[in-house]
Amino acid sequence: MFSLLNFIRNGQVTEAVLFVLSGCFVVFVCSPIHELAHGWVAYKLGDTTAKKEGRLTFNPIAHIDPIGMIMILLFGFGFAKPVPVSMRNLKKPKRDMALVAIAGPAANIVLGFISAFFFYFLMAINKNGSTFLGYITIFFQFSAYINVALAGFNLIPLPPLDGSKVLAAFLPNKAYYKYMMFERYAMIVLEKITGVLMTVISIIPALIFG
């Protein structure tokens, strides 16, 4: 599994620097696209909350969460500041919330596969073993890994992650409200199982480069 701490522990300075640079690319470019996707879909479905609060923007300052940013730079997955969505403005709240939720991870998956395309393309053309092209290749490899890891992390069906809203769309109303009440305890649960999550999440991007 890729992580800054592993690279430093193994003395892989170049990989550590490229991992941080890839993480910065994700924090300042990909994460804003993730959150913008949430807000844009909500706006199209009738909720203007994100637009009124200035969250329909590519400006990373509007989306960065300091703790989530540090997690991305250290471990390759984390979170940004959630885009506000008001369910009462949505015509079909459960269905529309699921669509809003899935938009963010979908954006990361698209960005991940774009990065993977450049990774494989650069590998194919770098027949002379250019060091510079090699560094760019590794950069896109890490970018693909982090984006897909972020998508996998956000799709875990635990509140407040996006996967919980997707799962909730398939629950009866009574079960739905009980499930969403779990959100207040979710962060404690996530902290307890972070190690397990890191292992599981790492499998998804690893398959791409298998």
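Below, all heavy atoms of this structure are taken into account, side chains as well, without hydrogens, waters or symmetry copies. Remember, it's a predicted structure, so these values are computed and weren't measured experimentally. Residues take their numbers from the sequence shown, with the count starting at 1.
For residues 56-71, the pairs satisfying side-chain hydrogen bond (donor to acceptor under 3.5 Å, both in side chains) are R55-H63, with sequence neighbours left out. Every pair passing side-chain hydrogen bond (donor to acceptor under 3.5 Å, both in side chains) that includes a residue from residues 89-115 is listed here, sequence neighbours excluded: H34-N108, D47-N89, K94-N173, N108-N147, S115-S143.
Cluster partners of I61, using a side-chain heavy-atom cutoff of under 4.5 Å among ILVMFWY residues and allowing indirect links: none.
Formation of a donor-acceptor pair under 3.5 Å by the S130 side chain with backbone atoms of L133 is found in this model.
The CG atom of L73 sits 12.0 Å away from atom OG of S3, with the distance rounded to the nearest 0.5 Å. Of the inter-residue distances, the one linking N154 atom CG with S164 atom OG reads 10.0 Å to the nearest 0.5 angstrom. From L21, atom CG reaches atom OH of Y135 across 12.0 Å, with rounding to the nearest 0.5 Å. Distance check: F121 CZ to N126 CG gives 11.0 Å after rounding to the nearest 0.5 Å. Rounded to the nearest 0.5 Å, atoms CD1 (I109) and CD1 (I114) are 12.0 Å apart. A distance of 8.5 Å separates OG1 of T49 from CG of L90, quoted to the nearest 0.5 Å.
By the side-chain contact (heavy atoms from CB on, under 4.5 Å) test, V41 is found to be paired with L45, L99, V100, A103, residues two or more places apart in sequence or in another chain being considered. For I64, the side-chain contact (heavy atoms from CB on, under 4.5 Å) partners two or more places apart in sequence, or in a different chain, are V27, F28, P60, M69. Partners of L36 under the side-chain contact (heavy atoms from CB on, under 4.5 Å) rule, at least two apart in sequence or in another chain, are L56, F58.
The environment of Y43 atom OH is sparse: at most 12 non-hydrogen atoms of other residues, nucleotides or ligands sit within 6.0 angstrom. For L5, the CG atom counts as densely surrounded, since its 6.0 Å shell holds more than 12 non-hydrogen atoms of other residues, nucleotides or ligands.
Under the 4.5 Å side-chain criterion, counting only non-hydrogen atoms from C-beta, H38 is in contact with P105. You'll find the side chain of L150 reaches within 4.5 Å of the side chain of I72, heavy atoms only. By the 4.5 Å heavy-atom criterion applied to side chains, I102 and D162 are not counted as neighbours. Counting heavy atoms from C-beta outward, L161 and L155 have side chains that stay 4.5 Å or more apart. Inter-residue side-chain proximity for M97 and V85 is flagged as met; some heavy-atom pair is nearer than 4.5 Å. Two residues are said to be in side-chain contact when any heavy atoms from C-beta on lie closer than 4.5 Å; C24 and V20 meet this criterion. By the 4.5 Å heavy-atom criterion applied to side chains, P157 and V166 are not counted as neighbours.
Screening F75, F19, F25 for a side chain to side chain contact (heavy atoms under 4.5 Å, CB included) with I146, the sole residue that qualifies is F19.
What you find for A144 and G112 is that their closest heavy atoms are CB-O, 3.4 Å. Summarising the geometry of K127 relative to A124, their closest heavy-atom pair is NZ-O, 3.2 Å, with the distance given to 0.1 Å.
Classified by interplanar angle (parallel below 30°, tilted 30° to 60°, perpendicular above 60°), the ring pair F7/F142 is tilted.
Between F119 and F140, a ring centre-to-centre spacing not shorter than 6.0 Å is recorded.
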